[in-house]
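Per chain, numbering begins at 1; letters A, B, ... match sequence-line order. All values reported here derive from a predicted model rather than from experimental measurement.
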Amino acid sequence: MLFFLFFPLKDFFEYFFIVFSKRLLISPYKTLTTIEHLKKENLLLSTKLRQLEHLQLENEKLRKALSLKETYKINFIGAEIIGFDPSGWRKRIFLNVGSNRKIIPGMYVIDENGYLVGKVDTVKANYCRVLLIDDIEFSVPVFIEETAYGLLKGGLEGIKILYIEKDSQIKEADRVWIKLASSNFLIYIGKIKKIDKRDGELFLTVYVEPFSKNYFLHKFFIVQ
Amino acid sequence: MKTDIAKIFFFLCILFLFDIAKPFNFYFKVEFLFLGIIFFTLYYSSFSTLLAILIFGYIKDCFISQNFPLNTIEFIVIYLGCNFFNLDDNLQRFIFPFLCIIFHILIQSIYFWTFVPLFIFRFFIHSIFLYFLIEGLLKKWMQPILGEYI
């Protein structure tokens with residue numbers, strides 16, 4: 001009799017002291033699980049955020065390139081970097097477009113801002129090799145604003161312009177550019193960093209600071 | 001033995017990929033594969049190392065597309081030099097990487113005919129720093145192979 005009388009009470013006490021109290025109290029195990037779950041969620045969201053930021057940046061770069069294309073009516077092909085030259089002495093990169101996209105040696109490579117990055121050197125079926133402007137074999141005839149012209153040459157000590165006459169009216173921060181023969185699009189390379197005047201020499205040595213520096217972060221376009 | 005060869009090839013492959021991918025862009029003036037070859041020549045001089053040196057030297061030359069196999073010859077000279085002098089003293093093993101890097105700088109500078117002191121200094125410092133880092137890491141990983149040397 002007593003057993004039957006106390007049986008539901010036992011159930012009640014069991015529920016109250018064990019199950020209900022567990023719900024009221026914050027168990028350390030549950031907290032740890034929640035924290036772990038939140039950490040995972042946080043990591044996932046931050047990865048997604050970074051992906052979105054990257055996409056936004058890429059979108060901006062492509063928009064810039066598109067506006068260049070529309071303004072100057074030039075044709076260019078977008079390319080991705082697939083590798084670097086393994087030698088420490090050379091500054092060459094490999095791009096993922098080749099003769100399959102009608103790339104030929106000598107074409108100029110620009111970044112999304114329209115600044116010169118390099119010149120196509122070798123072309124294969126699916127890829128091409130580009131000499132960057134600071135490679136030891138890179139050379140191109142350039143103009144300095146509207147005042148002078150010379151030969152831009154890359155090298156390990158920096159980018160130099162050679163054969164500029166001593167009496168030319170150039171100054172520091174003047175912009176260096178080249179012009180495409182096919183259109184009126186000016187490709188800017190950089191600005192003058194230092195002008196070296198030496199006695200007994202016919203020409204000036206001009207050091208150039210390129211506008212396009214960090215090759216990792218850029219989108220590349222080959223001007224056709 | 002097969003594991004040793006696999007380890008050497010695997011590690012040199014990783015270093016070569018580092019050279020191609022240039023994770024530090026052009027800021028870090030270093031050739032990873034070259035440093036790996038110094039390490040294996042110094043601590044694990046065997047036929048498999050020579051084979052790896054030949055293969056990776058050839059691949060590097062193909063990538064640079066030079067007419068002259070400069071890297072293959074240079075790596076073999078380093079290997080033969082190490083074996084000729086029979087370096088087993090700790091001090092000799094400490095000095096050998098310095099000599100190899102100077103030799104590499106000389107060869108490359110003469111080949112490309114460019115002598116830029118600032119670049120050479122930076123290349124030397126970066127290479128030495130990274131070599132000792134690689135050595136520290138690899139010694140542990142290659143422990144079963146290098147057991148008799150360390």
Query raised in the report: Counting heavy atoms not belonging to A:Glu60, are there more than 12 under 6.0 Å from its CD?
Result: yes
Query raised in the report: Is atom NZ of A:Lys166 surrounded by more than 12 heavy atoms (other residues, nucleotides or ligands) closer than 6.0 Å?
Result: yes
Query - Side chains of A:Ile136 and B:Phe112 in contact at under 4.5 Å (non-hydrogen atoms) - result: yes
Requested in this report: Would you please test A:Arg92 and B:Ile64 for side chain to side chain contact (heavy atoms under 4.5 Å, CB included) and show each step?
Outcome: CA-CA 9 Å; A:Arg92 297 184 293 199; B:Ile64 299 170; 3.3 Å; yes
Query raised in the report: How many angstroms lie between atom CG of A:Asp85 and atom NZ of B:Lys60, to the nearest 0.5 angstrom?
Result: 8.5 Å
Report summary line: Here the ring-ring contact (aromatic ring centres under 6.0 Å, His included) pairs for residues 150-174 of chain A, sequence neighbours left out, are A:Tyr163-A:Phe203
Query raised in the report: Rounded to the nearest 0.5 Å, how far does CZ of B:Phe63 lie from CZ of A:Arg90?
Result: 15.0 Å
Query raised in the report: Within a radius of less than 6.0 Å around CD of A:Gln169, do more than 12 heavy atoms belonging to other residues, nucleotides or ligands occur?
Result: no
Query raised in the report: If you count the non-hydrogen atoms of other residues, nucleotides and ligands that lie under 6.0 Å from CZ in B:Phe18, is the total more than 12?
Result: no
Query - CZ (B:Phe98) with more than 12 external heavy atoms under 6.0 Å - result: yes
Report summary line: d(B:Asn25 CG, A:Phe84 CZ) to nearest 0.5 Å is 5.0 Å
Query - Test of ring centre spacing under 6.0 Å for B:Tyr111 and A:Trp89 - result: no
Query raised in the report: Should we count NZ of A:Lys191 as having more than 12 external heavy atoms under 6.0 Å?
Result: no
Query raised in the report: Who among B:Ile105, B:Leu33, B:Leu118, B:Asn71 has the most heavy-atom pairs with chain A under 4.5 Å?
Result: B:Ile105
Query - Heavy-atom contact with chain A under 4.5 Å, split by part of B:Phe16 - result: side chain
Query raised in the report: Going by heavy atoms in the side chains, are A:Leu132 and B:Phe26 under 4.5 Å from each other?
Result: yes
Query raised in the report: Does B:Glu31 use its side chain to pair, donor to acceptor, with the backbone of A:Gly88 at less than 3.5 Å?
Result: yes
Query - Region of B:Phe119 in contact with chain A, defined by heavy-atom distances below 4.5 Å - result: side chain
**Report entry** Atom NZ of A:Lys124 with >12 non-hydrogen neighbours under 6.0 angstrom
**Finding:** no
